[in-house]
Every structure is written in structure tokens, then in C-alpha cells.
Amino acid sequence: MIGSIFAVLDRTGRSVIHVLEELGGMLFLFVSIARWAVSPPFKIRQIMKQMEFVGVKSLFVVILTGLFTGMVSALQGYHGFKMFSAESLVGSTVALAMTRELGPVLTSLMVTARAGSAMAAELGTMKVTEQIDALYVMASNPVKHLIVPRVIAGVIMLPALTIVSDFVGIFGSYFVGVGLLDINKGMFIRNMTKFVDLGDIYNGLVKAAVFGLILSFIGCYKGFKTTGGAEGVGKATTEAVVISAITILICDYFLTALMF
Amino acid sequence: MIELFDLHKSFGKQKVLDGLNLTIRGGMTTMIIGRSGGGKSVLLKHMIGLLRPDSGSVVVCGKDITRMNDRDLNEERKKFGMLFQEAALFDSMNVLENVAFPLREHTKKKDSEIRRIVRDRLYDVGLSGVEEKMPSELSGGMKKRVGLARALVMQPEIVLFDEPTTGLDPVMSEAIDRLISDTQRNFNLTCVVISHDLKSIFTVAHRIAMLYEGKIIAEGTPDELKQSDNDVVKQFLKGSLEGPISVM
Ligand SMILES: Nc1ncnc2c1ncn2[C@@H]1O[C@H](COP(=O)(O)OP(=O)(O)OP(=O)(O)O)[C@@H](O)[C@H]1O
Ligand SMILES: [Mg+2]
């Protein structure tokens, strides 16, 4: 009896310590990223390479996602608004949803799946094959070389991708609404410009930057902590995607509560 | 040059180093031998601060690196070159960029000069015309030699080699052994070499240290070790199945 109580306490204690250790490790890494990000020399070539990887190479999936999200939102909105004969509000509704929510969130989730996972896998492989140790040995800091360029790329490219996503999403809704469903073109656009202001777009972009930080940070953190060969790399990759996605969705709620 | 005092290191419940003491003398090649999985690589990583001991200290040129902050440790590491057991080449970079990496990081040399130095170092390890290849396109032995070129490119004072000749053919092993002992002599380096290659033990090493069950159980010149009456050392040098070292 007493023994089993101790066993439970022991296990709880261990998991609390484990969580604290994990959080401490994250905080430590975060501080060191912040420090290295502002201290020269800047790894311009690395940063450009990561920006290409995170940004340019995600363009296609982001466009597809944005386009079809805008299109399907228009379709759904049309059937809803039609009941109140307010079809012309479709454009503004979709535009608001895209700029405030769907643009940043869906873009971030897609980039998490594409680039966040790749960051964890790549750094994880470097960790288990001692390439990160090799950096230390050559007196080069892996945080500066590997993590800072990825985090910078995430923070810069996610807003950029979100702009694209907003734009094609709105275009998709216009195409479905005006092109296929015959909503009045003038009303569609007038309502859109009336209800959506720059603040909505701006807040959406701030969100995207935060999500970019989250997905690149977690991808790198998980990669950096990888142990245990190929299996460990697989585990780190999965965890990076799941934890990033959940963190993005939770943060989205709180950011929205703060902003709007 | 490198002094290890009472090092203890465990991974989980597994004790790897158990009160190890060893002095690596400057300007000499010390070879570390010991059974597979015995903790030789772990020991080597302690010398350059990649692993921190649970207790004990590692003193390099009079400074205790286990109590250093990251910046000082980083400075200290500039004295070192290291060849990893699996070479640890950066697989996103080609051979040229791998070997050039420390030069680009820590010197202001011009690109043409860097290329020349890299070509020379690769030539020293018997490689030519591989500059543009990626590590994944190299054989294990070639990777190891690229790793060797990278370890030596900054002309460090102390070089740590983790099994430099494992996986090479006998002729190439001999050439690498010769390269190590020539470089050591010409630049008066301090070298630590892990090896299973009994032949090279007696051509390269000035001193030999045998690691067994987390401790250095014997240390001395090759001849002293050959004369040793320690059963473990005798069995190991003979490569015999009979003796205190059991395979299981
Ligand atoms: N990072 C680590 N985490 C957990 N255990 C480790 C770690 N590194 C080494 N070990 C364990 O420590 C022991 C010694 O490993 P080490 O690599 O030093 O052996 P070795 O003497 O170099 O062997 P070999 O001659 O085969 O290379 C092994 O049992 C290994 O499982
Ligand atoms: Mg080893």
C-alpha cells in the first residue's frame, strides 16, 4: 500500500522534473538563439538558403491551400447567406476569415508539415551522426550556424507566404462567388473593402510571424535533442510536427483574444 | 598537456568511466587501446569538452575545461583537431567545403588560397579530384580520410584521432599511420590516437594507455606494455580468447 503510494509519487515527481527540464532546455535555447541572432558575423548565405527552403519551396502548397480554402469558403458562405439574401457579403466574410485566421493558420500548418518536419529531421540526423559535435569541435556554434538561420527564415517567410495565401484565397472566393455563382461584382468588392481594413491584414501577419517562430523553434529544438539513431530521428520529426501544430492552434486563440 | 583526474561518467545506469586517471604528454603520440564498447570514444570526447564528466576534471594546458564557460571552452577548442570515429562530415557540403570549413570560419584567407590548402591536405591523405563530391558519394575509408584532412587543416597543437585506420586497406592504413607520425614529428603535435590496429600501435605510438573497465590499467611505452605482466594487457595484445577479458 505505502509502497504503491511511493511508486505513484515517484513517477509523478519524475514526470514533473522531466517537464521542467524540457521547459528549461527550451528557454535556454531560446535565449541563446536571441543572443546569436543579433551578434555578427551574420550567416547571410545560410539565411538565404533557409529562406528559399521555407519560403520559395512552400509557395506551391501554400497557393493551393489558400486557393481552395477561399473557394470552398465562398461556396459555403454563399449557401448560408443566400437564406438571408445577403450573398454579396460572401466576399467580405471570406476576406476577413482569410486575413485574420485561415491565411496565417493554414499557411503555418502547411509549412510545419513541410519545413518544420524537415528541420527536425535534418538537425536530428546531424545530431546522431555527430555532425553537431563536429561543429563544436571546430569551435563553431551550432546554434548560430544551424538554428538562427532557420528561425530567421521562419519569422520572415511565414508573413510573406501568408500575404500570398490571403491574396489567392480572396481571388478564389471571387472566382467562385462572382464567376460561378453570379454574385454582383460591384457589391462583392465594395463590401470587401468596406469590412476588411489594413488592421486585419496586419494582425494576421503578426500572427504568421509568431507561428513562423514557433514552428522553426520547435523543429530545431526537437532536432537538436534527438538521440537514438534513425528511430530517434523519426520520433523527433513526428513530435516536432505534432507539438508545433498544437502550439500554433493554442497560440492562435490567445493572439486572437488579444488582438481583435 | 592533457591531464585527466578521477573521471567518472555514467549513461543512465551504465558506468563507462570509473575513476579514470591519465596524463597525455605534450609533443608525443599516446595511443589508447581497449575493448570495443569500453569507453574509448567517450574518453576522447571528454578531452575536448564534448562530454562533461559526472565528477573529476580535465585539465588542458593547465586549465580545467570542465569548469569553463562556453566561450572560454570554445577558445580552448581552437587548439584541437579531431577525427570522429564515423568521420562526421557535414553531408550538406561537398568535400571541399567540409575541409575548408574551419578555414572559412576562423581565418580571413582568400578563396584561392583556401582551395590550394584544401587540395594539399587532401593530397596528403591520398585523395585527389574528389573536391566536388558529396560525402554520401564517398566510401567509408574515403570519408575517414576527408575527416582526417579536416582535422589537420588548421594545424592544431593537439589532435584527437578516433580509429583513423579502421576500415582502410592495409596499404592505406600504413600510409595514414605514416602521415600521422610524420605530421606529429614535423609540427611537434600532441596526438591521442584510439586504435585497434596492433601493428600501428608499435609504429605510431610513443606511449600506450590501456582502458579497461572504466580505468587506465596500464600506461607506458610500447615496449613496457609488451613486457607487462598484467593479464588483461597480455591477453589484449595477444588477441587471445583465454584470460580475464571475456567476450560476453
Ligand atoms: N551518448 C551516449 N549515450 C548513452 N550511452 C553511450 C553514449 N555514448 C556512449 N555510450 C555507451 O558507452 C559505452 C562506451 O562507448 P564508446 O563509444 O566510448 O566505446 P568505444 O570504446 O569507443 O568502442 P569502439 O571501439 O567499438 O568504438 C558503450 O557501451 C555505449 O553504449
Ligand atoms: Mg569508439
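A note on names: the letters A, B, ... follow the listed sequences, proteins ahead of strands, and every chain is numbered from 1. As the structure is a computational prediction, the values presented were derived from the model and not from experiment.
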[X] atom [atom1], neighbour heavy-atom count above 12 within 6.0 Å:
{"X": "B/E113", "atom1": "CD", "result": "yes"}
{"X": "A/F171", "atom1": "CZ", "result": "no"}
{"X": "A/M48", "atom1": "CE", "result": "no"}
{"X": "A/F167", "atom1": "CZ", "result": "no"}
{"X": "A/K235", "atom1": "NZ", "result": "no"}
{"X": "A/F68", "atom1": "CZ", "result": "no"}

Exercise. Apply ring pair (Phe, Tyr, Trp, His ring centres under 6.0 Å) to the pair B/F101 and A/H145, showing each step before the final yes or no.
Key: CA-CA 12 Å; B/F101 186 87; A/H145 268 267; 5.2 Å; yes
If I measure from the heavy atoms of chain B, does [X] come under 4.5 Å with its side chain, its backbone, both, or neither?
{"X": "A/M126", "value": "side chain"}
{"X": "A/I132", "value": "neither"}
{"X": "A/K43", "value": "side chain"}

Taking every heavy-atom pair that is under 4.5 Å apart, which of B/E76, B/K45, B/Q85 has the most such pairs with chain A?
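Between B/E76, B/K45, B/Q85, the count favours B/K45.
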Query - Heavy-atom pair count under 4.5 Å with chain A, highest-scoring of B/A151, B/A88, B/G81 - result: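 If we count pairs closer than 4.5 Å to chain A, B/A88 comes out on top.
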Approximate separation, where rounding is to 0.5 Å, of [X] [atom1] and [Y] [atom2]:
{"X": "B/S92", "Y": "A/Q46", "atom1": "OG", "atom2": "CD", "result": "7.0 Å"}
{"X": "B/L89", "Y": "A/T129", "atom1": "CG", "atom2": "OG1", "result": "9.5 Å"}
{"X": "B/L73", "Y": "A/Y136", "atom1": "CG", "atom2": "OH", "result": "10.0 Å"}
{"X": "A/M138", "Y": "B/R77", "atom1": "CE", "atom2": "CZ", "result": "11.5 Å"}
{"X": "B/D70", "Y": "A/S32", "atom1": "CG", "atom2": "OG", "result": "9.0 Å"}

**Asked** Between A/K144 and B/E105, does at least one N-O distance fall below 4.0 Å, as a salt bridge requires?
**Response**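 Salt bridge: no.
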Using side chain to side chain contact (heavy atoms under 4.5 Å, CB included), reason through A/N141 and B/N74 one step at a time and then give a plain yes or no.
CA-CA 8 Å; A/N141 189 292; B/N74 209 39; 5.8 Å; no
field: Minimum-distance pair of heavy atoms, taken over all atoms of A/A139 and B/H106
entry: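 Residues A/A139 and B/H106, closest heavy atoms: O-CE1, 3.2 Å.
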Can a donor-acceptor pair be found, under 3.5 Å and without considering hydrogens, that links the side chain of A/E130 to the backbone of B/F84?
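No: the side chain of A/E130 does not pair with the backbone of B/F84.
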